[in-house]
Amino acid sequence: MSDFTSLAELVINGNYNGAKDLTQKMIDNGNDPLEIINQGLMAGMNVVGVRFKAGDMYVPEVMMSAKAMSTGIELLKPLIADKDMPTAGKVVIGTVKGDLHDIGKKLVVMMMESAGFEIIDLGVDIDPAAFVKAVKEHSPQAIGLSALLTTTMLSMKDTIEALKEEGLRDSVKVVIGGAPISQSFADEIGADGYAADAASATELCRRIIA
Ligand code: B1M
(Lines give C-alpha, C1' and ligand atoms only; values in the text may rest on other atoms or scores of the structure.)
Protein backbone atom coordinates (compact mmCIF):
# COMPACT_ATOMS: atom_id res chain seq x y z
CA MET A 1 0.00 0.00 0.00
CA SER A 2 1.41 3.44 -0.93
CA ASP A 3 1.87 6.14 1.72
CA PHE A 4 -0.90 8.13 -0.01
CA THR A 5 -3.36 5.25 0.33
CA SER A 6 -2.29 4.65 3.95
CA LEU A 7 -2.81 8.33 4.75
CA ALA A 8 -6.28 8.27 3.19
CA GLU A 9 -7.09 5.18 5.30
CA LEU A 10 -5.92 6.92 8.49
CA VAL A 11 -8.26 9.85 7.72
CA ILE A 12 -11.16 7.48 7.01
CA ASN A 13 -10.50 5.70 10.33
CA GLY A 14 -10.20 9.01 12.22
CA ASN A 15 -6.71 8.09 13.40
CA TYR A 16 -5.38 11.61 13.92
CA ASN A 17 -2.12 10.62 15.61
CA GLY A 18 -1.39 8.20 12.77
CA ALA A 19 -2.31 10.83 10.17
CA LYS A 20 -0.03 13.36 11.85
CA ASP A 21 2.94 10.94 11.99
CA LEU A 22 2.54 9.74 8.41
CA THR A 23 2.11 13.29 7.07
CA GLN A 24 5.37 14.25 8.82
CA LYS A 25 7.13 11.17 7.43
CA MET A 26 5.94 12.01 3.92
CA ILE A 27 7.16 15.60 4.31
CA ASP A 28 10.54 14.31 5.53
CA ASN A 29 10.69 11.95 2.55
CA GLY A 30 10.29 14.91 0.21
CA ASN A 31 6.74 14.26 -1.02
CA ASP A 32 5.08 17.27 -2.62
CA PRO A 33 2.82 18.97 0.01
CA LEU A 34 -0.02 19.50 -2.48
CA GLU A 35 0.09 15.83 -3.48
CA ILE A 36 -0.06 14.84 0.19
CA ILE A 37 -3.21 16.96 0.54
CA ASN A 38 -4.91 15.92 -2.70
CA GLN A 39 -3.95 12.25 -2.95
CA GLY A 40 -3.82 11.48 0.77
CA LEU A 41 -5.87 13.68 3.08
CA MET A 42 -8.58 14.84 0.67
CA ALA A 43 -8.83 11.40 -0.94
CA GLY A 44 -9.66 10.03 2.51
CA MET A 45 -12.16 12.77 3.30
CA ASN A 46 -13.94 12.20 -0.02
CA VAL A 47 -14.58 8.59 1.02
CA VAL A 48 -15.85 9.82 4.41
CA GLY A 49 -18.34 12.10 2.62
CA VAL A 50 -19.70 9.23 0.54
CA ARG A 51 -19.98 6.85 3.53
CA PHE A 52 -21.62 9.48 5.76
CA LYS A 53 -24.20 10.21 3.11
CA ALA A 54 -24.91 6.51 2.71
CA GLY A 55 -25.41 6.17 6.48
CA ASP A 56 -22.32 3.95 6.82
CA MET A 57 -20.57 6.50 9.08
CA TYR A 58 -21.98 8.57 11.94
CA VAL A 59 -21.42 12.11 13.24
CA PRO A 60 -18.70 11.28 15.85
CA GLU A 61 -16.73 9.26 13.30
CA VAL A 62 -16.91 12.08 10.75
CA MET A 63 -15.66 14.50 13.39
CA MET A 64 -12.66 12.24 14.10
CA SER A 65 -11.91 12.04 10.36
CA ALA A 66 -12.10 15.83 10.06
CA LYS A 67 -9.69 16.11 12.99
CA ALA A 68 -7.28 13.67 11.32
CA MET A 69 -7.47 15.71 8.14
CA SER A 70 -6.79 19.01 9.91
CA THR A 71 -3.79 17.68 11.91
CA GLY A 72 -2.21 16.83 8.56
CA ILE A 73 -3.16 20.17 7.00
CA GLU A 74 -1.63 22.06 9.95
CA LEU A 75 1.76 20.44 9.24
CA LEU A 76 1.52 21.16 5.52
CA LYS A 77 0.19 24.73 5.60
CA PRO A 78 3.56 26.42 6.34
CA LEU A 79 5.07 24.59 3.35
CA ILE A 80 2.52 25.92 0.87
CA ALA A 81 2.20 29.52 -0.27
CA ASP A 82 -1.30 30.83 0.48
CA LYS A 83 -1.97 31.32 -3.22
CA ASP A 84 -1.17 27.66 -3.92
CA MET A 85 -3.33 26.27 -1.14
CA PRO A 86 -6.07 24.34 -2.94
CA THR A 87 -9.40 26.13 -2.53
CA ALA A 88 -12.70 24.95 -3.84
CA GLY A 89 -14.27 28.37 -3.24
CA LYS A 90 -15.27 30.78 -0.50
CA VAL A 91 -18.52 30.26 1.43
CA VAL A 92 -20.09 32.37 4.19
CA ILE A 93 -22.21 30.23 6.47
CA GLY A 94 -24.43 30.78 9.49
CA THR A 95 -27.50 29.65 11.41
CA VAL A 96 -30.33 32.08 10.70
CA LYS A 97 -31.88 34.70 12.96
CA GLY A 98 -33.57 33.40 16.11
CA ASP A 99 -32.00 29.96 15.81
CA LEU A 100 -29.25 28.71 18.14
CA HIS A 101 -28.77 25.20 16.73
CA ASP A 102 -25.27 24.74 15.36
CA ILE A 103 -24.22 21.10 15.69
CA GLY A 104 -25.27 20.23 12.13
CA LYS A 105 -23.90 23.49 10.76
CA LYS A 106 -20.52 22.78 12.40
CA LEU A 107 -20.50 19.41 10.71
CA VAL A 108 -21.21 21.07 7.36
CA VAL A 109 -18.35 23.52 8.04
CA MET A 110 -15.92 20.73 8.96
CA MET A 111 -16.73 18.66 5.92
CA MET A 112 -16.55 21.62 3.56
CA GLU A 113 -13.24 22.80 5.01
CA SER A 114 -11.91 19.29 4.64
CA ALA A 115 -12.99 19.39 1.00
CA GLY A 116 -10.92 22.54 0.47
CA PHE A 117 -13.52 25.31 0.84
CA GLU A 118 -12.60 28.52 2.62
CA ILE A 119 -15.40 28.96 5.15
CA ILE A 120 -16.37 32.10 7.01
CA ASP A 121 -18.59 30.86 9.82
CA LEU A 122 -20.69 33.72 11.20
CA GLY A 123 -22.11 31.57 14.03
CA VAL A 124 -25.73 31.37 15.17
CA ASP A 125 -28.69 33.78 15.31
CA ILE A 126 -27.48 35.68 12.25
CA ASP A 127 -29.89 38.26 10.92
CA PRO A 128 -30.27 39.05 7.20
CA ALA A 129 -28.34 42.33 7.54
CA ALA A 130 -25.34 40.46 8.96
CA PHE A 131 -25.35 38.04 6.01
CA VAL A 132 -25.51 41.01 3.64
CA LYS A 133 -22.60 42.68 5.46
CA ALA A 134 -20.54 39.49 5.24
CA VAL A 135 -21.21 39.14 1.51
CA LYS A 136 -20.02 42.72 0.97
CA GLU A 137 -16.96 42.16 3.12
CA HIS A 138 -15.83 38.72 1.90
CA SER A 139 -17.27 38.42 -1.63
CA PRO A 140 -17.99 34.69 -1.28
CA GLN A 141 -19.20 32.56 -4.18
CA ALA A 142 -21.95 31.16 -1.95
CA ILE A 143 -23.69 31.64 1.35
CA GLY A 144 -25.01 28.73 3.40
CA LEU A 145 -28.03 29.16 5.66
CA SER A 146 -28.88 26.62 8.35
CA ALA A 147 -32.17 26.42 10.29
CA LEU A 148 -33.51 23.75 12.67
CA LEU A 149 -36.79 25.38 13.66
CA THR A 150 -39.94 25.73 11.61
CA THR A 151 -40.26 29.21 13.11
CA THR A 152 -36.81 30.37 11.96
CA MET A 153 -36.71 28.87 8.48
CA LEU A 154 -38.67 31.90 7.23
CA SER A 155 -35.63 34.03 8.00
CA MET A 156 -33.97 32.30 5.03
CA LYS A 157 -36.50 34.01 2.74
CA ASP A 158 -35.83 37.34 4.48
CA THR A 159 -32.10 36.88 3.92
CA ILE A 160 -32.61 36.25 0.20
CA GLU A 161 -34.87 39.32 0.00
CA ALA A 162 -32.22 41.42 1.80
CA LEU A 163 -29.59 40.28 -0.73
CA LYS A 164 -31.95 41.29 -3.55
CA GLU A 165 -32.58 44.70 -2.01
CA GLU A 166 -28.83 45.34 -1.86
CA GLY A 167 -28.37 44.21 -5.48
CA LEU A 168 -26.21 41.29 -4.36
CA ARG A 169 -28.44 38.32 -5.19
CA ASP A 170 -26.91 37.66 -8.62
CA SER A 171 -23.37 37.70 -7.28
CA VAL A 172 -23.78 34.92 -4.75
CA LYS A 173 -25.36 31.46 -4.69
CA VAL A 174 -27.62 30.64 -1.75
CA VAL A 175 -27.58 27.13 -0.31
CA ILE A 176 -29.90 26.11 2.50
CA GLY A 177 -30.24 23.14 4.85
CA GLY A 178 -31.37 21.87 8.23
CA ALA A 179 -33.91 19.33 9.48
CA PRO A 180 -37.16 21.17 8.53
CA ILE A 181 -35.86 22.29 5.12
CA SER A 182 -36.79 20.63 1.84
CA GLN A 183 -36.15 21.09 -1.86
CA SER A 184 -39.66 22.46 -2.32
CA PHE A 185 -39.05 25.10 0.37
CA ALA A 186 -35.78 26.03 -1.37
CA ASP A 187 -37.67 26.41 -4.66
CA GLU A 188 -40.40 28.44 -2.97
CA ILE A 189 -38.03 31.03 -1.52
CA GLY A 190 -35.73 31.15 -4.55
CA ALA A 191 -32.61 29.54 -3.06
CA ASP A 192 -30.10 28.03 -5.47
CA GLY A 193 -30.02 24.70 -3.72
CA TYR A 194 -30.93 22.51 -0.77
CA ALA A 195 -28.72 19.89 0.85
CA ALA A 196 -29.98 17.26 3.28
CA ASP A 197 -26.65 16.63 5.01
CA ALA A 198 -23.05 17.77 5.28
CA ALA A 199 -21.76 15.57 2.47
CA SER A 200 -24.54 16.73 0.11
CA ALA A 201 -23.86 20.37 1.06
CA THR A 202 -20.22 19.90 0.02
CA GLU A 203 -21.18 18.26 -3.28
CA LEU A 204 -23.82 20.91 -3.98
CA CYS A 205 -21.39 23.79 -3.37
CA ARG A 206 -18.77 22.11 -5.57
CA ARG A 207 -21.35 21.84 -8.33
CA ILE A 208 -22.89 25.30 -8.17
CA ILE A 209 -19.61 27.14 -7.64
CA ALA A 210 -17.98 25.31 -10.55
CO1 B1M B 1 -33.64 22.06 19.74
N2 B1M B 1 -35.20 21.56 18.67
N3 B1M B 1 -34.63 23.56 20.51
N4 B1M B 1 -32.07 22.33 20.84
N5 B1M B 1 -33.02 20.38 19.12
C6 B1M B 1 -35.02 20.46 17.73
C7 B1M B 1 -34.56 20.96 16.37
C8 B1M B 1 -36.49 19.84 17.70
C9 B1M B 1 -36.83 19.09 16.42
C10 B1M B 1 -36.70 18.97 18.98
C11 B1M B 1 -38.09 18.41 19.05
O12 B1M B 1 -38.99 19.08 19.47
N13 B1M B 1 -38.27 17.16 18.67
C14 B1M B 1 -37.37 21.12 17.94
C15 B1M B 1 -37.79 21.87 16.69
C16 B1M B 1 -39.25 21.69 16.37
C17 B1M B 1 -39.60 22.44 15.16
O18 B1M B 1 -39.34 23.59 14.97
N19 B1M B 1 -40.28 21.74 14.26
C20 B1M B 1 -36.45 21.95 18.82
C21 B1M B 1 -36.89 22.99 19.68
C22 B1M B 1 -38.38 23.20 19.74
C23 B1M B 1 -36.02 23.78 20.45
C24 B1M B 1 -36.35 24.91 21.40
C25 B1M B 1 -37.45 25.87 20.92
C26 B1M B 1 -36.72 24.25 22.74
C27 B1M B 1 -37.21 25.22 23.79
O28 B1M B 1 -36.42 26.00 24.28
N29 B1M B 1 -38.46 25.14 24.05
C30 B1M B 1 -35.00 25.63 21.58
C31 B1M B 1 -34.81 26.74 20.54
C32 B1M B 1 -33.56 27.52 20.77
C33 B1M B 1 -33.26 28.41 19.58
O34 B1M B 1 -32.68 27.97 18.65
N35 B1M B 1 -33.73 29.65 19.65
C36 B1M B 1 -34.05 24.51 21.32
C37 B1M B 1 -32.78 24.43 21.87
C38 B1M B 1 -31.89 23.40 21.69
C39 B1M B 1 -30.57 23.27 22.43
C40 B1M B 1 -29.88 24.62 22.65
C41 B1M B 1 -30.85 22.63 23.74
C42 B1M B 1 -29.80 22.26 21.50
C43 B1M B 1 -28.92 22.93 20.42
C44 B1M B 1 -27.46 22.93 20.79
C45 B1M B 1 -26.61 23.35 19.64
O46 B1M B 1 -26.94 23.17 18.46
N47 B1M B 1 -25.48 23.92 19.97
C48 B1M B 1 -30.95 21.56 20.80
C49 B1M B 1 -30.83 20.31 20.14
C50 B1M B 1 -29.51 19.58 20.32
C51 B1M B 1 -31.87 19.75 19.37
C52 B1M B 1 -31.95 18.35 18.73
C53 B1M B 1 -32.19 17.39 19.87
C54 B1M B 1 -30.76 17.89 17.92
C55 B1M B 1 -30.32 18.82 16.78
C56 B1M B 1 -28.99 18.34 16.27
O57 B1M B 1 -27.96 18.84 16.64
N58 B1M B 1 -29.01 17.27 15.43
C59 B1M B 1 -33.21 18.50 17.78
C60 B1M B 1 -34.05 17.24 17.68
C61 B1M B 1 -33.51 16.29 16.65
O62 B1M B 1 -33.06 16.71 15.60
N63 B1M B 1 -33.55 15.04 16.96
C64 B1M B 1 -33.85 19.73 18.28
C65 B1M B 1 -27.79 16.62 14.91
C66 B1M B 1 -27.27 17.34 13.68
C67 B1M B 1 -26.02 16.62 13.16
O68 B1M B 1 -28.28 17.27 12.69
O69 B1M B 1 -28.79 19.72 12.89
O70 B1M B 1 -30.20 18.21 11.42
P71 B1M B 1 -28.89 18.56 12.00
O72 B1M B 1 -27.88 18.85 10.79
C73 B1M B 1 -27.75 18.00 9.67
C74 B1M B 1 -28.70 18.35 8.52
O75 B1M B 1 -29.89 18.97 8.94
C76 B1M B 1 -27.88 19.17 7.59
O77 B1M B 1 -26.58 18.62 7.74
C78 B1M B 1 -26.37 18.30 9.12
C79 B1M B 1 -25.39 17.17 9.20
O80 B1M B 1 -25.68 16.12 8.32
N81 B1M B 1 -27.75 20.61 7.72
C82 B1M B 1 -27.40 21.36 6.64
C83 B1M B 1 -27.83 21.43 8.78
N84 B1M B 1 -27.56 22.67 8.43
C85 B1M B 1 -27.28 22.66 7.11
C86 B1M B 1 -26.92 23.70 6.23
C87 B1M B 1 -26.69 23.36 4.89
C88 B1M B 1 -26.84 22.06 4.44
C89 B1M B 1 -27.17 21.04 5.31
O90 B1M B 1 -26.33 24.26 3.96
C91 B1M B 1 -25.92 25.52 4.38
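From a predicted model like this one, the values you see are computed outputs, not experimental measurements. Every number for a ligand or one of its atoms is a count from 1 in the order of the listing.
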Exercise for review: Mark the output for S200 as yes if a heavy-atom distance to ligand 1 is under 4.0 Å, and as no if none is.
Suggested key: no
Practice item. Kindly give the heavy-atom pair with the smallest separation between C205 and V175, and that separation in Å. Key: SG-CG2, 4.0 Å
Review point. For atom 17 (C) of ligand 1, which protein heavy atom lies nearest, and how many Å away is it?
Key: T150 OG1, 3.7 Å
Check your understanding: Can you tell me how far the CG atom of D121 sits from the CG atom of D102, to the nearest 0.5 Å?
Key -> 8.0 Å
Practice item. Mind listing the closest non-hydrogen atom pair of V96 and A147 along with its distance? Key: CG2-CB, 3.8 Å
Check your understanding: Against heavy atoms of A201, which atoms of ligand 1 measure under 4.0 Å?
Key -> 88 (C)
Point to revise | Verdict with supporting geometry, K164 and D170, salt bridge (charged side-chain N to carboxylate O under 4.0 Å, His left out) | key: CA-CA 8 Å; K164 279 186 190 158; D170 292 338; over 6 Å; no
Practice item. Decide whether V135 and F117 are clustered together by the hydrophobic rule: side chain heavy atoms of Ile, Leu, Val, Met, Phe, Trp, Tyr closer than 4.5 Å, transitively. Key: no
Check your understanding: Has ligand 1 got any nitrogen or oxygen that is less than 3.5 angstrom from a nitrogen or oxygen of T151?
Key -> no
Practice item. Determine, counting only non-hydrogen atoms of the protein, whether one lies under 4.0 angstrom from atom 28 (O) of ligand 1. Key: no
Practice item. Could you list which atoms of ligand 1 come closer than 4.0 Å to a heavy atom of D197? Key: 76 (C), 77 (O), 80 (O)
Review point. Just to confirm, does any protein heavy atom lie below 4.0 Å from atom 21 (C) of ligand 1?
Key: yes
Exercise for review: Establish whether atom 72 (O) of ligand 1 and some protein heavy atom are separated by less than 4.0 angstrom.
Suggested key: yes
Exercise for review: Tell me, please: is Y194 in heavy-atom contact with ligand 1, that is, under 4.0 Å?
Suggested key: no
Check your understanding: Is there a protein heavy atom less than 4.0 Å away from atom 75 (O) of ligand 1?
Key -> yes
Exercise for review: Run down the list V109, D102, I176 and name the one with the heavy atom closest to atom 46 (O) of ligand 1.
Suggested key: D102
Exercise for review: Check whether any protein heavy atom sits under 4.0 Å from atom 78 (C) of ligand 1.
Suggested key: yes
**Study point:** atom 24 (C) of ligand 1 touched by protein (heavy atom, under 4.0 Å)
**Key:** no
Point to revise | Protein heavy atom at shortest distance from atom 15 (C) of ligand 1 | key: L149 CD2, 3.5 Å
**Study point:** Closest approach of I119 to I93 (non-hydrogen atoms, all atoms of both residues)
**Key:** CG2-CG2, 3.5 Å
Check your understanding: Among protein heavy atoms, which sits nearest to atom 65 (C) of ligand 1, and what does the distance come to when rounded to 0.1 Å?
Key -> I103 CG2, 4.4 Å
Review point. Under 3.5 Å between some N or O of ligand 1 and some N or O of S146?
Key: yes
Revision key, fill the gap. The protein heavy atom nearest to atom 89 (C) of ligand 1 is A195 O, 3.3 Å
Check your understanding: Which is it for D125 and ligand 1 at heavy atoms under 4.0 Å: side chain, backbone, both or neither?
Key -> neither
Check your understanding: At a 4.0 Å threshold, what atoms of ligand 1 neighbour a non-hydrogen atom of F52?
Key -> 80 (O)
Exercise for review: Considering only NZ, NE, NH1 and NH2 on the basic side and carboxylate oxygens on the acidic side, decide whether R206 and E203 come within less than 4.0 Å.
Suggested key: no
**Study point:** Ionic contact status for D158 with K97, cut-off 4.0 Å
**Key:** no
Review point. For ligand 1, which atoms, with element, lie under 4.0 Å from some heavy atom of G144?
Key: 91 (C)
Practice item. With heavy atoms only and a cut-off of under 4.0 Å, state how L107 meets ligand 1: side chain, backbone, both or neither. Key: side chain
**Study point:** Where ligand 1 meets V175 - atom numbers and elements under 4.0 angstrom, heavy-atom basis
**Key:** 90 (O), 91 (C)
Review point. Between R169 and D192, is there a side-chain N and carboxylate O pair less than 4.0 Å apart?
Key: yes
**Study point:** Donor + acceptor pair across side chains of D187, Q183 (<3.5 Å)
**Key:** yes
Check your understanding: Are the side chain of N38 and the backbone of L34 linked by a donor-acceptor contact shorter than 3.5 Å?
Key -> yes
Review point. Should K53 and D197 count as an ion pair when the cut-off is N to O under 4.0 Å?
Key: no
Review point. Side chains of F52 and V59: closer than 4.5 Å at any heavy-atom pair?
Key: yes
Review point. How about T152 and S155: does a side-chain donor come under 3.5 Å of a side-chain acceptor?
Key: no
**Study point:** Of the listed options M153, M111, H101, closest to atom 4 (N) of ligand 1 (non-hydrogen atoms)
**Key:** H101
Exercise for review: May I ask you to identify the nearest protein heavy atom to atom 62 (O) of ligand 1, giving residue, atom name and distance to one decimal place in Å?
Suggested key: L148 CD1, 4.8 Å
Check your understanding: Just how far is it from atom CD of Q24 to atom CG of L75, taken to the nearest 0.5 Å?
Key -> 5.5 Å
Check your understanding: Charged N to carboxylate O below 4.0 Å: is that the case for K136 and E166?
Key -> yes
Review point. Backbone, side chain, both or neither: what part of V108 comes under 4.0 angstrom of ligand 1, heavy atoms only?
Key: side chain
Point to revise | Numbering as shown, the atoms of ligand 1 that approach D99 to under 4.0 Å (heavy-atom distance) | key: 34 (O)
Point to revise | Pair D21-L10, side chain to side chain contact (heavy atoms under 4.5 Å, CB included): steps then yes or no | key: CA-CA 10 Å; D21 292 346; L10 289 164; over 6 Å; no
Practice item. Considering only protein heavy atoms, determine whether one is less than 4.0 Å from atom 58 (N) of ligand 1. Key: no
Point to revise | Sub-4.0 Å atoms of ligand 1 with respect to non-hydrogen atoms of G177 | key: 82 (C), 84 (N), 85 (C), 86 (C), 87 (C), 88 (C), 89 (C), 90 (O)
Review point. Heavy-atom distance to atom 82 (C) of ligand 1: which of G178, G104, A142 wins?
Key: G178
Review point. Nearest protein heavy-atom contact for atom 35 (N) of ligand 1: which residue, which atom, what distance?
Key: G98 O, 2.9 Å
**Study point:** Location of contacts on A196 toward ligand 1, heavy atoms closer than 4.0 Å
**Key:** backbone
Check your understanding: Does A198 have a non-hydrogen atom less than 4.0 Å from ligand 1?
Key -> yes
Point to revise | From NZ (K25) to CG (L7), nearest 0.5 Å | key: 10.5 Å
Review point. When only distance counts, is L100 in polar contact with ligand 1, meaning an N/O pair under 3.5 Å?
Key: yes
Check your understanding: Nearest protein heavy atom to atom 9 (C) of ligand 1: under 4.0 Å?
Key -> no
Practice item. Examine distances only and state if a side-chain atom of E61 and a backbone atom of Y58 form a donor-acceptor pair shorter than 3.5 Å. Key: yes
